[in-house]
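Order of the sequence lines sets the chain letters (A, B, ...), proteins ahead of strands, with each chain counted from 1. Both backbone and side-chain heavy atoms feed into the values below; hydrogens, waters and symmetry mates do not.
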Number of protein chains: 2
Amino acid sequence: MIKINTGDSRPIFRQIVDSIRRQIATGELEPGSKLPSVRGLAMQLTVNTNTVAKAYSELTAQGWVESRPGLGLFVSKPRKLFSDREQERRLNEAIQQFINQVIGLDYDAGQLLERLEREIKALEKGQGRSAGNE
Amino acid sequence: MIKINTGDSRPIFRQIVDSIRRQIATGELEPGSKLPSVRGLAMQLTVNTNTVAKAYSELTAQGWVESRPGLGLFVSKPRKLFSDREQERRLNEAIQQFINQVIGLDYDAGQLLERLEREIKALEKGQGRSAGNE
DNA sequence: CTACTGTACCACCACACACAGCACACCTAG
DNA sequence: CTAGGTGTGCTGTGTGTGGTGGTACAGTAG
């Protein structure tokens with residue numbers, strides 16, 4: 001089930017992408033599963049169809065789901081999504097962004113790492129995608 | 001010295017804010033230090049004065065620097081910047097955002113935490129701000 | 001055929017970002 | 001005193017992104 005939070009600073013289509021990506025990564029959505037239709041999800045979220053289509057377009061472009069013409073979108077089998085360099089670049093960017101956000105907060109390194117560890121390991125509960133080769 | 005990267009996805013004024021905040025947090029800019037003038041920094045970065053002014057405005061509003069009328073902006077003494085709830089909210093947001101960015105990458109929890117630990121501890125080298133009470 | 005699927009357009013509006021120029025109050029150096 | 005530097009405020013203009021609304025088309029299932 002996908003939820004949209006209007007108080008969230010992220011744009012709507014990004015919330016949809018993140019939500020579905022997380023469901024796939026945690027195994028909540030298994031490979032082969034069918035995603036809700038563009039119009040159906042748009043109706044449920046009281047959002048424009050183009051907004052959902054934009055989210056689906058990104059998921060398809062990044063290889064999380066595959067389109068079967070006339071049928072819908074289906075979760076694709078786990079595989080490596082980015083090159084090593086691209087992965088490294090994205091990880092670095094994510095870390096720097098995290099630091100910039102917590103840099104004024106009164107937490108020490110230990111507290112930050114403890115909180116991060118808890119949240120990260122919660123993801124691997126349903127066994128995230130860790131496929132072999134490309 | 002402040003650098004602007006046009007390839008960076010962050011808006012210019014945000015890059016300036018982040019850069020200066022980090023310099024203050026790491027002690028590279030000590031309390032009482034004078035920031036470069038709005039027009040001077042804008043000239044150096046080949047950027048509009050309003051863009052620098054916007055960055056300075058945010059730094060002032062968040063209490064990182066203080067304005068002495070007619071003289072300039074000066075790094076203020078360390079103190080608590082946000083309420084406990086606000087700190088907790090921002091930390092949570094930062095963590096969720098980090099997870100959303102690394103969720104498709106082929107790193108396990110151990111690798112992520114190791115990388116995070118290295119970068120976070122690098123910040124505390126010059127003794128970050130950890131003042132007592134509000 | 002009809003009804004559903006994703007996809008691709010078009011137009012419109014709102015907002016953030018950056019740029020440009022101008023004005024004002026303040027302080028210091030001469 | 002004046003001249004020049006300081007932050008701050010305002011108006012405007014242009015560009016890009018996000019969101020909405022509507023239409024259209026090819027593919028698939030019944």
Side-chain angles (χ1 to χ4, degrees), chain A residues 2-21 24 29 32-76 97 100-101, chain B residues 2-21 24 29 31-76 97 100:
Chain A
I2 299 170
K3 289 244 169 39
I4 297 302
N5 189 348
T6 59
D8 200 319
S9 61
R10 291 174 301 170
I12 300 178
F13 83 95
R14 168 107 284 117
Q15 294 185 44
I16 298 175
V17 171
D18 289 342
S19 176
I20 295 180
R21 271 200 311 202
I24 297 178
L29 269 177
S33 306
K34 184 179 181 309
L35 261 58
S37 77
V38 171
R39 296 171 180 82
L41 183 56
M43 180 85 69
Q44 176 202 323
L45 301 177
T46 59
V47 150
N48 194 274
T49 53
N50 289 331
T51 304
V52 178
K54 186 174 183 180
Y56 280 10
S57 168
E58 181 168 324
L59 288 170
T60 305
Q62 291 190 347
W64 292 88
V65 299
E66 286 167 6
S67 170
R68 256 185 275 171
L71 296 180
L73 291 186
F74 297 83
V75 178
S76 51
Q97 196 168 317
N100 281 329
Q101 284 182 304
Chain B
I2 299 169
K3 289 245 169 39
I4 297 302
N5 189 348
T6 58
D8 199 320
S9 62
R10 291 174 300 172
I12 300 179
F13 84 95
R14 167 106 284 120
Q15 293 186 45
I16 298 176
V17 170
D18 288 342
S19 176
I20 294 179
R21 269 200 313 201
I24 296 177
L29 270 176
S33 305
K34 184 181 181 306
L35 260 56
S37 78
V38 170
R39 295 169 181 81
L41 183 57
M43 180 84 70
Q44 174 202 324
L45 300 177
T46 59
V47 151
N48 194 274
T49 53
N50 289 332
T51 304
V52 179
K54 186 175 181 179
Y56 280 11
S57 169
E58 181 168 325
L59 288 169
T60 304
Q62 292 192 346
W64 291 89
V65 300
E66 285 165 8
S67 170
R68 256 184 274 172
L71 296 180
L73 289 186
F74 298 83
V75 178
S76 51
Q97 196 168 319
N100 281 329

Atom CG of A:Leu41 and atom P of D:dT20 are separated, to the nearest Å, by 12 Å
Quick note, B:Thr60 side chain, CB onward, closest among C:dG6, D:dT6, D:dT8 is D:dT8
**OP:** Report which part of the nucleic acid B:Arg68 touches: base, sugar-phosphate, or nothing (heavy-atom distance under 4.0 Å, all strands).
**Re:** nothing
Side-chain contact check for B:Tyr56: nearest option of C:dA20, C:dG6, D:dG7 is D:dG7
Note: for A:Lys54 and B:Leu35 on DNA chain D, the residue whose nearest nucleotide lies more 5' is B:Leu35
Ranking C:dC17, C:dG6, D:dA29 by distance to the side chain of B:Phe13, first place goes to C:dC17
Looking only at C:dT5, C:dT7, D:dT6, the nucleotide nearest the B:Lys34 side chain is D:dT6
*Stepwise side chain to side chain contact (heavy atoms under 4.5 Å, CB included) check, A:Leu35 with A:Val65*: CA-CA 9 Å; A:Leu35 261 58; A:Val65 299; 4.0 Å; yes
B:Arg39 has its side chain closest, among C:dA23, D:dG18, C:dT7, to C:dA23
note: A:Trp64, atom CH2; C:dG6, atom P; distance rounded to Å ~ 20 Å
Which of D:dG18, D:dG7, C:dG6 is nearest the side chain of B:Leu73? It is D:dG7
Which of C:dC17, C:dA20, D:dG19 is nearest the side chain of A:Thr51? It is D:dG19
Give a yes or no on whether a donor-acceptor pair under 3.5 Å exists between the nucleobase atoms of D:dG22, that is its base, and the side chain of A:Asn50.
yes
A:Gln15 CD to D:dG19 P, in whole Å, measures 8 Å
Closest of C:dT5, C:dT7, D:dG7 to the A:Ser37 side chain is C:dT5
Working note: B:Ile16 + B:Leu41, criterion side chain to side chain contact (heavy atoms under 4.5 Å, CB included); need CA distance, chi angles, decisive distance, verdict. CA-CA 10 Å; B:Ile16 298 176; B:Leu41 183 57; 4.3 Å; yes
By nearest-heavy-atom nucleotide on DNA chain D, the more 5' of A:Arg14 and A:Gly70 is A:Arg14
